There are 2 protein chains.
Amino acid sequence: MTEGFALQMVEHDNLGEIVYGQLSDALIKGRFAPDARLTIRDLAQSLGTSVTPVRDAILRLIQDEALVQKSAREVRVPVMTLERYLEIRQIRMKLEGLAARETALKAEARDIERLRELVTRNEQAIAAADWPAALELNQTFHFALAEIAGMTVLRGILNRLWLQMGPMIAASYQHGGRAMIDYHHMILLAIEARDADRAERAIVDDIRGASSAIIEQLAALKPTGSAG
Amino acid sequence: MTEGFALQMVEHDNLGEIVYGQLSDALIKGRFAPDARLTIRDLAQSLGTSVTPVRDAILRLIQDEALVQKSAREVRVPVMTLERYLEIRQIRMKLEGLAARETALKAEARDIERLRELVTRNEQAIAAADWPAALELNQTFHFALAEIAGMTVLRGILNRLWLQMGPMIAASYQHGGRAMIDYHHMILLAIEARDADRAERAIVDDIRGASSAIIEQLAALKPTGSAG
DNA sequence: AATTGTTGTTTGATGCATCATGTTTTTCGT
DNA sequence: ACGAAAAACATGATGCATCAAACAACAATT
């Protein structure tokens, strides 16, 4: 679990930080249903802390837009709309395209090795139909590009975007099948060849490919107004 | 002051929100020096509240990376590095390029009118050598593109980036002179002509142009290590 | 039975007391 | 006077009591 892949900074180990990590993880892993309501006191009880650290963590997640404050005392897991998802997809294509491009230029041997291992492990997870693991490895691969590119700001933005998409991706990813891992191979090849253009094109295709299933699902879920 | 240009949501008027707004504003306006230390109690006293709302606000600003936690009880205004600024610039070029492109496709008459008015007012501010006003109008123009494009996620990212750059931009902007307002004219023309490509190129040039002065300054400030 | 007024409950916001820890200042021995 | 030890101080974290607003449950009146 707590290997070396975590954020560059372990941060201070206050309770709020821990709770934030736990809630982030739960969100990304899709353990909170979209539109689920979170209450501070309930979470505090579940996690065995007082309300303060939970309040801190929720405040931060709201700032991340990983939770939304519907009213003064109502915090909910956001429901992704098709429109919003399409915007995030556009942003990711630009940002991750940039990261892939930089990575192609800057990657060293051990970086490439790391990427290759991620792809391999993802292959294995898919072969074993271990979707949670495949999901996490997919995410790690995308983050790794930003990290290798040395783009910490971009990495942070990506992290937030993923946090926002988490509850929804977790529900839809299996439908993506194994298409995206092929793109990962292509990205890796482009990076090995130091071909920035091709790396960018490959990751854009990857994002497009992985999202098509999700878009279908979102379009099917909310084709009409939200009156209900 | 509190005209209609604010964020789409007025949010709940709790004290923490107000303090967050005040601190954000101070940060963007450059009223905190880079590396200045902020203490909760001092701010609470200055603002006439208890520590809780200030603590909330600072927590959120740290999440925005508009403040950095150097150690367990040390929160400071971040010092922009050249490296970080270059990364933000790259990201902005991609993101704002996307926004300009979308705006060129979607802008209606009143949107264009709004942009034109911003440019005009910026002209006037520059003519009057009112740098704070020019600075704010410049920012508003950039945000307006994201808003007209209807890209709320992008708008949020941009907001955070600006918050991070705030303390530094405020100190350097005057050196940018009036070059960038010319780019704004070009952006406006491209949008009026519905020319997405040209709009994107213009805003990329705008960002590049405005940043060159800042880059020089950053390069001059920290050419060597930070030992000191 | 439907509507409305009352009461009780839930819940986040706020302020504050206390604590742990890190920093500064003071004190004391040499 | 210099340096080390100790006391004092500063400061964010944590928990908690209280409050106000929203909401739910329930009762009363027509």
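Computed from a prediction, not measured in an experiment: that's the story for all the values here. By convention in this document, chain letters (A, B, ...) are assigned in the order of the sequence lines, proteins followed by strands, and residues within each chain are numbered from 1.
Less than 4.0 Å separates DNA chain D from at least one heavy atom of each of the following residues of residues 37-62 of chain B: B/R37, B/L38, B/T39, B/I40, B/R41, B/R55.
A/I91 and A/L161 get closest at one heavy-atom pair: CG2-CD1, 4.0 Å.
In this structure, A/E74 pairs ionically with A/R76, as a charged nitrogen and a carboxylate oxygen lie closer than 4.0 Å. Between A/D56 and B/R55, at least one side-chain N (NZ, or NE/NH1/NH2) sits under 4.0 Å from a carboxylate O, which counts as a salt bridge. For the pair B/K94 and A/E96, the salt-bridge criterion is not met [side-chain N within less than 4.0 Å of a carboxylate O]. B/E113 and B/R110 are not joined by a salt bridge, as no carboxylate oxygen comes within less than 4.0 angstrom of a charged side-chain nitrogen.
Counting heavy atoms from C-beta on, the side chains of B/D64 and B/Q164 never come closer than 4.5 Å.
In the displayed structure, B/E83 atom CD is contacted under 6.0 Å by at most 12 heavy atoms of other residues, nucleotides or ligands.
Listed for the B/T81 side chain is a donor-acceptor partner under 3.5 Å among the backbone atoms of B/R84. A/D42 places no side-chain N or O within donor-acceptor distance of the main-chain N or O of A/T39, the cut-off being under 3.5 Å.
Residue A/E74 contributes atom CD, which lies 13 Å from atom P of C/dA13 at whole-angstrom precision.
Within the helix from C/dA1-D/dT30 to C/dT30-D/dA1, the inter-axis angle between the opening and closing five-pair segments is 20°, rounded to 10°.
Interface limits on DNA chain D: the 5'-most and 3'-most nucleotides within less than 4.0 Å of chain A heavy atoms are D/dA13 to D/dA22.
B/W162 pairs in a side-chain contact (heavy atoms from CB on, under 4.5 Å) with only one of the listed residues (B/L27, B/I169, B/I88), which is B/I169.
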